[in-house]
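Heads up: the structure comes next, in structure tokens.
Scope of the values below: all heavy atoms of this structure, side chains included, with no hydrogens, waters or symmetry mates. Numbers here simply count residues along the sequence, with the first being 1.
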Amino acid sequence: MVWKTLAEATVHVRRSQVAMVAAAPGVGKSAFTLNLAIRSGCRGIYMSADSDEVTQAIRAAAIITGDRVFDIEAAYKAGKAEKYDKVLREYTKMWFDFDAAPSLTHIEEEVMAYAYAYGRWPELIVLDNLANVFDEAGGEGFTGLEATMSFLTDLARKTEAAVVVLHHVVGDAESGDQPLKLKDIRGKISKLQTLILGLAYTDTYTTSGRALGVYVLKNRSGKASASGDLSVELNADLDRMLITDMEGRAGENLPDAVWDDFKQEFGEEHLREREAHEEV
């Protein structure tokens with residue numbers, strides 16, 4: 001299974017090393033990584049600088065239960081969310097931190113606090129995302145990003161944790177709907193990571209919308225293509241925050257006219273969502 005392979009490559013095989021997941025805003029890198037964190041079964045820390053507590057709680061509840069985000073939000077508004085409160089209380093493997101601009105000192109202290117509380121280092125540390133980190137040394141641009149990546153590399157080796165950091169892309173890649181290349185990584189930060197995955201929507205449609213392309217841009221222990229020639233497609237059901245393997249050819253049992261209408265309608269809806277996201 002493609003998804004299982006990606007999870008193993010990013011987490012279990014990559015202990016003591018740093019992986020990066022890069023994508024344009026709104027493509028789903030947070031959903032992808034939260035799926036990886038929860039469904040891998042790892043114990044660790046998810047530093048959610050880019051998303052608040054309510055947003056991540058609803059996403060996590062959707063991933064665990066398979067229910068739609070819309071229905072979970074409605075349940076909370078109606079005061080009938082006991083089911084979701086229960087599953088979130090029972091999920092204790094990930095320790096979440098919601099500092100919006102964590103410094104390197106804060107990240108280190110959070111990892112130390114985890115070790116004191118549980119008597120072990122975390123297996124997985126997620127930083128969502130790199131641009132939110134506050135550089136106490138005053139570094140800007142490439143210098144600041146490089147300092148953070150160097151710190152994370154050292155942290156991975158000391159704790160033997162898999163560190164996954166989320167990051168942005170630049171230029172035409174910010175459209176989120178074209179194959180990614182290594183040169184699209186914001187700040188050209190690519191030297192210290194062992195694995196770099198780029199995410200972008202493809203031209204393949206499923207009943208959940210456009211498929212999510214995962215581009216293996218760097219991989220010290222296996223195949224990769226800096227030009228974006230090596231990729232897999234995953235089904236991205238963001239209504240339920242689920243990233244799963246593709247099954248069969250999308251729309252194969254639907255008349256062409258019906259399938260074409262669906263793709264056009266979904267494309268227009270996706271465009272409106274992206275425009276709303278960019279306005280914010």
message: Can you confirm whether the side chains of Asp128 and Ser30 place a donor and an acceptor under 3.5 Å from each other?
response: yes

- prompt: Any side-chain heavy-atom pair from Leu155 and Lys158 closer than 4.5 angstrom?
  reply: no

- prompt: Would you say Leu36 and Leu34 make side-chain contact, with heavy atoms under 4.5 Å?
  reply: no

- prompt: Between the main-chain N or O of Ala31 and the side-chain N or O of Asn35, is there a donor-acceptor pair closer than 3.5 Å?
  reply: yes

query: Under 3.5 Å, side chain of Gln56 to main-chain N/O of Ser51, donor-acceptor pair present?
result: no

field: Side-chain donor-acceptor contact under 3.5 Å, Ser227 with Ser225
entry: yes

query: Looking at Asp245, Thr206, Thr204, which one forms a side-chain hydrogen bond (donor to acceptor under 3.5 Å, both in side chains) with Asn235?
result: Thr206

query: Does Ile189 offer a backbone N or O that forms a donor-acceptor pair with the side chain of Gln193 under 3.5 Å?
result: yes

query: Hey, are Tyr46 and Asp97 close enough side-chain-wise for a donor-acceptor pair under 3.5 Å?
result: no

query: Can you say whether the rings of Tyr118 and Tyr114 are parallel (under 30°), tilted (30 to 60°) or perpendicular (over 60°)?
result: tilted

task: Taking the side chain as every heavy atom from C-beta outward, state whether Met20 and Leu197 have any pair of such atoms under 4.5 Å apart.
output: no

Closest heavy-atom pair and its distance - Ser231, Tyr215: CB-CD2, 3.4 Å

message: Donor-acceptor pair, distance only, cut-off 3.5 Å: does the side chain of Glu123 make one with the backbone of Arg43?
response: yes

